[in-house]
Amino acid sequence: MSADAPDWPDAYARHVLAEVDSTNSEAARLAPGLTRPSWIMARRQTGGRGRRGRAWVSPEGNFFASLVMRPTGDPAQAALRSFVAALALDDALGALVGPAGRFTLKWPNDVLLNGGKVAGILLESAGQGPQVGHLVIGIGVNLIAAPPADAVEPGALKPVSVQGETGLRLTPDELLDRLGPAFARWESQFTAYGFAPIRTAWLARAARLGQTIRARTMAETFEGRFEGLAEDGALVLGTDRGRRTISAADIFF
């Protein structure tokens, strides 16, 4: 633990591994024997993945970790923990970087640093029907290196790293020391008071709120004013064809 880091929450286990294919995959393998929520962090990750099966570049020195837990509630409720994780990650990075960089949150699951993508969050779950057997929250952060701009799809935000933007060289351990306690705090608020305070806090840190953005779903693309979040976490977009509520999409600025 870092000397100035908050105390690690007793209710959460912590495992640091030398190498895995994917921390999300390792978390899923550990899930059947789970006795409490557990963080799994790897020094090296050989098969990291992002949303929709996209590869996640994982050079050593960057942060790759997953939290596996057995949440209460249905799958829709479990999915709201992407916002819990984003707030926790914003808190952790902000505490370590300070005024050297500006972090904002991009719907549905990215963290931006000075306008570029520095981190992504991937949720995966297993279960039957309305019951979530386990939930895995995977988090990747470009601490020391980011993929080249030509490695992302046209129109996507430029990938950036903490070191490249701020000159600070953070270690994965330093970030986990902050992230674990921050997640525990937001998770406690979520379980006690529901999504409403999480939604309010997330919107206070949202990128491009009130501005024009594009939302590309599997079927079509919408352009309009980013008006906020619905009560279920969906994106609310004001378009020239009226207000749209979008549950899943890639967002472009």
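Contact check for I246 versus L237: side-chain heavy atoms found under the 4.5 Å cut-off. Two residues are said to be in side-chain contact when any heavy atoms from C-beta on lie closer than 4.5 Å; R29 and D21 meet this criterion. In this structure the side chain of L143 never reaches within 4.5 angstrom of the side chain of Q163, judged on heavy atoms. For the pair L135 and R70, the minimum side-chain heavy-atom distance is 4.5 Å or more. Side chains of L34 and L30 form no contact here, defined as non-hydrogen atoms less than 4.5 Å apart. Side chains of L113 and V111 form no contact here, defined as non-hydrogen atoms less than 4.5 Å apart. Here the side chains of L179 and F63 are in contact, with some heavy-atom distance below 4.5 Å. Put simply, the side chain of L96 does not reach to within 4.5 Å of the side chain of L168, judged on heavy atoms.
In plain terms, the two heavy atoms of F252 and P154 that are nearest each other are CE2-O, 4.1 Å. The two atoms that bring Q45 and S22 nearest to each other are OE1-CA, 3.6 Å, heavy atoms only. A249 and P108 get closest at one heavy-atom pair: O-CD, 4.1 Å. Between A207 and T104, the closest heavy-atom pair is CB-OG1, 3.7 Å. Counting all heavy atoms, side chain and backbone alike, F64 lies closest to P59 at CZ-O, 3.3 Å. For the residue pair I144 and L170, the shortest heavy atom distance occurs at CG2-O, 4.4 Å.
In this structure, R36 places its CZ atom where more than 12 heavy-atom neighbours from other residues, nucleotides or ligands lie under 6.0 Å away. A 6.0 Å sphere centred on CZ of R169 holds no more than 12 heavy atoms belonging to other residues, nucleotides or ligands. Around atom CD of E231, no more than 12 heavy atoms belonging to other residues, nucleotides or ligands sit under 6.0 Å away. Heavy-atom contacts from other residues, nucleotides or ligands closer than 6.0 Å to CZ of R244 number more than 12.
Taking the charged nitrogens against the carboxylate oxygens, R43 and D173 do have a contact shorter than 4.0 Å, which makes a salt bridge. A salt bridge links R178 with D4: the distance from a Lys NZ or Arg NE/NH1/NH2 to an Asp or Glu carboxylate oxygen falls below 4.0 Å. In this structure, R205 pairs ionically with D91, as a charged nitrogen and a carboxylate oxygen lie closer than 4.0 Å. Taking a cutoff of 4.0 Å between a charged side-chain nitrogen and a carboxylate oxygen, R199 and D232 do not qualify as a salt bridge. A salt bridge between R216 and E153 is present, with a side-chain N of the basic residue lying under 4.0 Å from a carboxylate O of the acidic one.
Placement of V236 and F195 in two distinct hydrophobic clusters is found when ILVMFWY residues are connected by side-chain heavy-atom separations under 4.5 Å, directly or transitively. Hydrophobic clustering keeps V152 apart from V118 (ILVMFWY residues linked when any side-chain heavy atoms are closer than 4.5 Å, directly or through intermediates). One hydrophobic cluster holds both I121 and V141 under the rule that ILVMFWY side chains link at heavy-atom gaps under 4.5 Å. Both W186 and L93 are assigned to one and the same hydrophobic cluster, defined by single-linkage of ILVMFWY side chains at heavy-atom distances under 4.5 Å. By the criterion of side-chain heavy atoms lying less than 4.5 angstrom apart, applied directly or through intervening Ile, Leu, Val, Met, Phe, Trp or Tyr residues, V20 is grouped together with V68 in one hydrophobic cluster.
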Using side-chain contact (heavy atoms from CB on, under 4.5 Å), reason through F222 and R214 one step at a time and then give a plain yes or no.
CA-CA 6 Å; F222 301 95; R214 283 182 294 120; over 6 Å; no
Pair R81, E187 - check side-chain contact (heavy atoms from CB on, under 4.5 Å), show working.
CA-CA 8 Å; R81 284 176 172 82; E187 172 68 12; 2.9 Å; yes
Verdict with supporting geometry, V132 and T72, side-chain contact (heavy atoms from CB on, under 4.5 Å):
CA-CA 8 Å; V132 178; T72 58; over 6 Å; no
Would you check, one step at a time, whether the test side-chain hydrogen bond (donor to acceptor under 3.5 Å, both in side chains) holds for W202 with D90?
CA-CA 10 Å; W202 191 96; D90 182 66; over 6 Å; no
Going through the checks in order, is the side-chain contact (heavy atoms from CB on, under 4.5 Å) test met by L123 and V136?
CA-CA 6 Å; L123 269 64; V136 177; over 6 Å; no
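Once rounded to the nearest 0.5 Å, the distance linking CD1 of I139 with CG of L176 reads 9.5 Å. Atom-to-atom distance recorded for R14:CZ and W39:CH2 is 10.5 Å, nearest 0.5 angstrom. From I198, atom CD1 reaches atom CG of L229 across 12.0 Å, with rounding to the nearest 0.5 Å. Atoms CZ and CG, from R102 and N114 in turn, are 8.5 Å apart once rounded to the nearest 0.5 Å. For the atom pair L67 CG and I137 CD1, the distance stands at 5.0 Å (nearest 0.5 Å). Here the NZ-CG distance, from K158 to D150, works out to 12.0 Å after rounding to the nearest 0.5 Å.
A donor-acceptor contact under 3.5 angstrom links the side chains of S66 and N24, judged on distance only.
Side-chain atoms of W107 do not come within 3.5 Å of backbone N or O of D250 as any donor-acceptor pair. Side-chain atoms of Q77 do not come within 3.5 Å of backbone N or O of D74 as any donor-acceptor pair. When atom types are taken as modelled, the side chain of K106 and the backbone of G116 share no donor-acceptor pair closer than 3.5 angstrom.
Taking the six-membered ring wherever Trp is involved, the centroid distance between the rings of F83 and F190 does not fall below 6.0 Å.
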